[in-house]
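In what follows, chains are A, B, ... by sequence order, proteins preceding strands, each numbered from 1. Small disclaimer: the values here were computed from a predicted structure and weren't measured. The analysis underlying the following values was restricted to heavy atoms, covering all of them including side chains, and did not include hydrogens, waters or symmetry mates.
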Amino acid sequence: MSKVVSLSEAMASIEDGSHVGLTGFAITRNAVAAALELTRAKRRHLRLTQVIVGLETDLLVGAGCVDRLVYSGGSLDRFGLVHAVNRAIATGTLQIEEYSTLALTLRLAAGSLGLPFVPTRSMLGSSLLDNLRAAGEIVEQTDPFTGSPVLVMSPVRPDVAIVHADTCDEEGNATIAGPRWSLRETALAAARVIVTTERVVLRGTIPPERVVVPGTVVSAVTEVPRGASPTALPGHYDYDRAWLEAHVEATKEGGERFRRYLEGMLEARAVHP
Amino acid sequence: MSKVVSLSEAMASIEDGSHVGLTGFAITRNAVAAALELTRAKRRHLRLTQVIVGLETDLLVGAGCVDRLVYSGGSLDRFGLVHAVNRAIATGTLQIEEYSTLALTLRLAAGSLGLPFVPTRSMLGSSLLDNLRAAGEIVEQTDPFTGSPVLVMSPVRPDVAIVHADTCDEEGNATIAGPRWSLRETALAAARVIVTTERVVLRGTIPPERVVVPGTVVSAVTEVPRGASPTALPGHYDYDRAWLEAHVEATKEGGERFRRYLEGMLEARAVHP
Amino acid sequence: MTQASQPWTPLEMLAVAAAGQVRDGDLAVVGLGLPQVAALLAQRTHAPTSELLLELGVFDPHPTGPSMGIADPRMWEGAAVFGGVLDVLGSMLHGGRVSLGILSAVQVDPDGSINTTQVHLEDGSLRRINGSGGGNDIASLAGRTLVVLRHEPRRFRACLDFLTSPGRAVGGRRRSELGLPGEGTVAVVSDRAVLEVTDEGTFLHSVHPGEDPEAVLEATPYAVQVRPGGPEVTSAPTEEELRLIRTELDPQGWYTR
Amino acid sequence: MTQASQPWTPLEMLAVAAAGQVRDGDLAVVGLGLPQVAALLAQRTHAPTSELLLELGVFDPHPTGPSMGIADPRMWEGAAVFGGVLDVLGSMLHGGRVSLGILSAVQVDPDGSINTTQVHLEDGSLRRINGSGGGNDIASLAGRTLVVLRHEPRRFRACLDFLTSPGRAVGGRRRSELGLPGEGTVAVVSDRAVLEVTDEGTFLHSVHPGEDPEAVLEATPYAVQVRPGGPEVTSAPTEEELRLIRTELDPQGWYTR
């Protein structure tokens with residue numbers, strides 16, 4: 001059963017207020033085309049969960065689509081900070097819940113596996129833990145087997161996750177080259193997954209060992225060549241240095257300058273459905 | 001740094017009384033050459049952990065190498081039951097700790113990830129749970145987030161795991177074709193891994209996405225073509241029907257008949273170091 | 001659909017009746033043996049969008065011939081994904097996505113709980129079988145569970161020798177009290193009848209063509225209720241169903257003869 | 001080894017001094033920036049069997065040129081394995097296999113705890129930085145941790161603006177009391193000196209060639225002890241080390257100039 005739809009159709013299934021899991025990492029494999037389509041549709045009050053944020057989240061936050069961000073940090077590597085995210089936090093327009101990379105990935109893995117909770121030894125003694133106590137997603141316990149202090153965290157289950165894949169068959173079985181960071185845990189934790197991909201292929205052409213996101217959890221597939229640009233897609237294209245530098249400048253200044261930059265991006269990447 | 005050694009050398013590093021994780025599944029990808037080498041060396045008092053047992057475990061138990069088995073069941077699929085294992089349980093010469101497939105895999109995943117414990121909703125209400133209460137590896141708790149009853153299990157960390165891989169580079173980075181059941185969790189839970197493989201290849205020839213067991217955890221690599229036969233190795237060889245049938249007959253009768261069968265197997269598969 | 005003109009074996013009838021319980025769109029985890037045959041039969045007939053999962057990590061296989069079980073690579077042919085236990089029994093099943101489990105059993109009780117682990121023989125000895133494998137997980141976590149077994153009186157037990165996998169209740173405690181999601185066992189399909197399992201007990205839903213309801217009840221030595229109007233007669237296998245079983249799914253008759 | 005005859009930049013000196021803390025055989029998880037350069041430099045010189053891991057799931061990379069950070073595919077060149085966060089920060093780090101973590105910091109305190117999350121500016125506003133990423137995990141779980149930063153007085157704080165990643169103790173509570181494994185921070189390497197961090201406090205272990213110990217202490221506004229005999233002088237970069245930095249590891253000088 002083919003799940004192939006247009007990008008706008010796929011993104012229209014995400015409602016205002018949805019909890020969205022994103023799966024890019026800093027300057028690589030960001031679902032930029034999908035994020036731009038959400039800003040174009042003026043989606044509002046999103047809650048994002050993403051282990052390491054990068055360009056896609058900085059765009060969505062800068063465009064005012066996001067109320068709350070659950071994350072563990074991030075940047076555009078040496079290109080610069082995620083200024084739109086950082087400014088929104090500093091000025092109080094974005095609520096955040098902040099973890100370590102492992103802790104948030106474990107919460108997503110728990111969501112993926114249906115575990116009622118998951119323990120970790122990370123974050124003990126840190127300001128992260130101090131701030132998280134109020135959010136109600138963490139309980140401090142004693143390990144019943146060793147008696148050591150341990151944190152117990154609730155699972156995360158986004159309404160939908162967005163993945164930009166190298167190839168994907170029409171039923172949603174998707175391949176991912178390079179390291180996979182928390183992509184798989186985020187996808188499988190979500191109630192459903194939207195895949196944008198460089199290329200849609202026929203079922204049966206992907207060796208089953210290579211599939212990273214099983215089509216069983218995918219609700220929509222959209223072919224978007226260069227859908228991760230200006231971030232890098234290993235094996236397909238490099239990051240676009242000039243574009244990333246322009247992003248950092250525009251977000252650093254913010255305001256009108258960012259709006260002009262975003263409009264330019266939306267024009268340059270107009271959707272042809 | 002090459003980790004390539006002979007089969008007998010690799011197996012000699014496993015001492016009497018070791019806790020060994022095995023990674024075959026019923027009639028497929030059993031580390032038969034490795035198991036035979038352990039019987040040849042008359043290894044004793046082993047503790048085995050294996051999610052689904054098959055030929056390799058039936059051989060080791062039949063040969064008297066094993067004191068304790070932590071598992072979730074198993075058979076030789078339609079060829080028959082694991083008679084050596086079943087007889088040893090029924091006559092009391094083999095102690096067992098019995099889980100469901102998911103529960104034991106989660107315990108191994110916890111061991112792999114360094115989680116102090118892991119919760120599950122499997123096994124609630126079953127005789128498995130009744131029997132496990134005494135083993136001390138399970139605590140019945142209330143989910144701190146929802147108030148539901150839940151089981152909390154300790155992690156498993158074998159001393160060593162044995163994996164039969166399709167290809168493996170000389171540093172231990174190993175590929176596995178076909179489904180991976182609990183192989184990866186078992187390997188990564190163990191303090192170290194011994195890889196037997198159809199073919200040792202040069203570092204750099206395996207695409208990094210294809211590596212299932214990272215060499216970082218591997219202590220020894222041994223090339224053993226047809227090392228899983230008479231069980232199947234997907235993409236390499238089918239199970240050996242006549243041999244599996246002979247195994248079932250020999251183990252069903254047991255005693256002298258099994259000893260003759262095992263000796264025949266050891267002769268047929270003599271090691272050439 | 002035309003009724004088959006030729007006779008069928010009791011186990012072919014079982015496979016067809018079990019397949020009839022699969023709904024189009026089901027995401028199903030199936031155990032070794034007859035459950036494989038029943039699920040594939042349903043997929044090839046009335047439930048084309050049902051999807052199969054195998055506990056060892058196989059998604060959506062489309063085998064074209066018979067196999068010796070779920071660990072036989074022949075059974076994985078045409079699969080979409082090779083993952084692991086944590087994908088199928090973890091993310092799909094424990095994660096709440098699996099709508100149907102199909103399990104074979106050595107013994108079943110009135111709540112639909114099953115034993116696949118061990119049997120106490122009359123001489124006091126123990127006969128060990130396969131154990132749980134993923135059976136306990138499937139029965140514990142699937143949306144609904146279908147149990148298949150041969151209709152022999154010794155298999156229908158008020159008290160199981162070992163409760164491997166829970167049904168709708170255990171010892172009078174409902175699944176929700178135990179902490180289990182899902183409905184539990186909804187039907188027990190044998191080679192003679194279909195028993196419907198509900199929170200109000202087991203009902204004789206239908207007897208297979210040619211079976212006498214009284215004889216079936218006699219061969220079922222625990223409380224089975226009959227609804228007003230009596231049991232239905234199970235739909236007989238169609239020619240197409242028998243063709244599929246005999247030429248594609250189980251040509252050697254390993255499971256159905 | 002011959003001493004370099006040419007001068008070096010303070011950050012080249014930092015990279016060389018940090019590399020000197022890596023032991024052969026170390027399994028190290030490294031953060032973005034100078035930690036990458038230091039770890040690769042050690043591997044190319046005195047620690048050839050040390051192995052690098054990147055939190056996003058990269059095992060044993062052997063990049064041949066510079067990269068913009070850990071998310072830059074150039075940094076993954078020659079890797080043995082592409083896995084995920086759960087492999088590197090889970091199985092390797094949380095699982096107790098990682099012997100060394102190398103982290104850069106915005107602020108450090110006398111216990112070797114660090115801040116990479118946010119700074120309170122004098123005008124009362126908040127400057128957000130990168131956050132934890134895997135930094136908290138590495139500092140919490142590695143066998144020992146190395147912290148690198150520029151030697152500016154505002155970075156050495158008795159009380160951090162945000163304690164992102166714990167050192168040897170937090171608020172007077174030792175790691176074992178907090179439930180943390182490992183030793184914690186063993187050294188803080190700056191562009192002027194190497195501070196040794198112990199359970200008995202921070203010591204000025206060595207000053208870099210040309211630095212005045214008193215001036216370094218003055219630029220370090222928290223209690224730093226000096227052992228009898230005074231601090232050593234850090235070994236100067238060798239020609240080979242400078243060649244590796246300038247021609248292979250950081251030819252553009254992104255990190256070391």
Taking atom types as modelled, find out whether A:Thr120 and D:His94 have a side-chain donor-acceptor pair closer than 3.5 angstrom.
yes

Would you mind checking which part of [X] comes under 4.5 Å of any heavy atom in chain D, side chain (CB onward), backbone (N, CA, C, O), both or neither?
{"X": "A:Arg241", "value": "side chain"}
{"X": "A:Ser148", "value": "neither"}
{"X": "A:Leu108", "value": "neither"}
{"X": "A:Tyr99", "value": "backbone"}
{"X": "A:Asn131", "value": "side chain"}
{"X": "A:Asp130", "value": "neither"}
{"X": "A:Ala109", "value": "side chain"}

So, [X] side chain and [Y] main chain: donor-acceptor pair closer than 3.5 Å or not?
{"X": "A:Thr101", "Y": "D:Gly134", "value": "yes"}
{"X": "D:Ser140", "Y": "A:Ser122", "value": "no"}
{"X": "A:Asn86", "Y": "D:Ile129", "value": "yes"}
{"X": "D:Asp137", "Y": "A:Leu102", "value": "yes"}

Does any backbone or side-chain atom of [X] lie under 4.5 Å from a heavy atom of chain A? Answer side chain, backbone, both or neither.
{"X": "D:Trp254", "answer": "both"}
{"X": "D:Thr117", "answer": "side chain"}
{"X": "D:Ile70", "answer": "both"}
{"X": "D:Arg175", "answer": "neither"}
{"X": "D:Leu141", "answer": "side chain"}
{"X": "D:Val170", "answer": "side chain"}
{"X": "D:Glu177", "answer": "backbone"}

Quick check on the interface: out of A:Val51, A:Leu124, A:Val53, A:Thr231, who has the most heavy-atom pairs with chain D under 4.5 Å?
A:Leu124

Most heavy-atom pairs under 4.5 angstrom with chain D, which of A:Gly73, A:Ser127, A:Ala26?
A:Ser127

Heavy-atom pair of closest approach, residues [X] and [Y]:
{"X": "D:Ala71", "Y": "A:Asp77", "value": "N-OD2, 3.0 Å"}
{"X": "D:Gly133", "Y": "A:Ile52", "value": "CA-CD1, 3.8 Å"}
{"X": "D:Leu126", "Y": "A:Ala90", "value": "O-CB, 3.6 Å"}
{"X": "D:Met68", "Y": "A:Tyr239", "value": "CG-OH, 3.1 Å"}
{"X": "D:Asn130", "Y": "A:Ser75", "value": "OD1-CB, 3.6 Å"}

Looking at [X], I'd like to know if its [atom1] atom is crowded, meaning that more than 12 non-hydrogen atoms belonging to other residues, nucleotides or ligands lie closer than 6.0 Å.
{"X": "A:Arg199", "atom1": "CZ", "value": "no"}
{"X": "D:Arg150", "atom1": "CZ", "value": "no"}
{"X": "A:Arg133", "atom1": "CZ", "value": "yes"}

If you count heavy-atom pairs under 4.5 Å with chain A, which of [options] comes out on top?
{"options": "D:Arg74, D:Arg128, D:Arg173", "result": "D:Arg128"}
{"options": "D:Gly90, D:Ser176, D:Gly83", "result": "D:Gly83"}
{"options": "D:Gly57, D:Gly131, D:Gly69", "result": "D:Gly69"}

Distance in Å, [X] [atom1] paired with [Y] [atom2], rounded so as to fall on 0.5 Å steps:
{"X": "D:Arg127", "Y": "A:Ile89", "atom1": "CZ", "atom2": "CD1", "answer": "13.0 Å"}
{"X": "A:Ile176", "Y": "D:Phe82", "atom1": "CD1", "atom2": "CZ", "answer": "13.0 Å"}
{"X": "A:Arg180", "Y": "D:Leu56", "atom1": "CZ", "atom2": "CG", "answer": "11.0 Å"}
{"X": "D:Asn136", "Y": "A:Ser72", "atom1": "CG", "atom2": "OG", "answer": "9.5 Å"}
{"X": "D:Asn115", "Y": "A:Ser126", "atom1": "CG", "atom2": "OG", "answer": "11.5 Å"}
{"X": "A:Ser100", "Y": "D:Leu89", "atom1": "OG", "atom2": "CG", "answer": "8.0 Å"}

Could you walk me through whether A:Thr28 and D:Trp76 pass the side-chain contact (heavy atoms from CB on, under 4.5 Å) check?
CA-CA 12 Å; A:Thr28 300; D:Trp76 317 335; 3.8 Å; yes

A:Arg78/D:Asp72 under salt bridge (charged side-chain N to carboxylate O under 4.0 Å, His left out): CA gap, chis, key distance, verdict:
CA-CA 10 Å; A:Arg78 229 193 88 82; D:Asp72 184 342; over 6 Å; no

Below 4.5 Å, heavy atoms only, C-beta onward: do A:Leu128 and D:Ser132 meet side chain to side chain?
yes

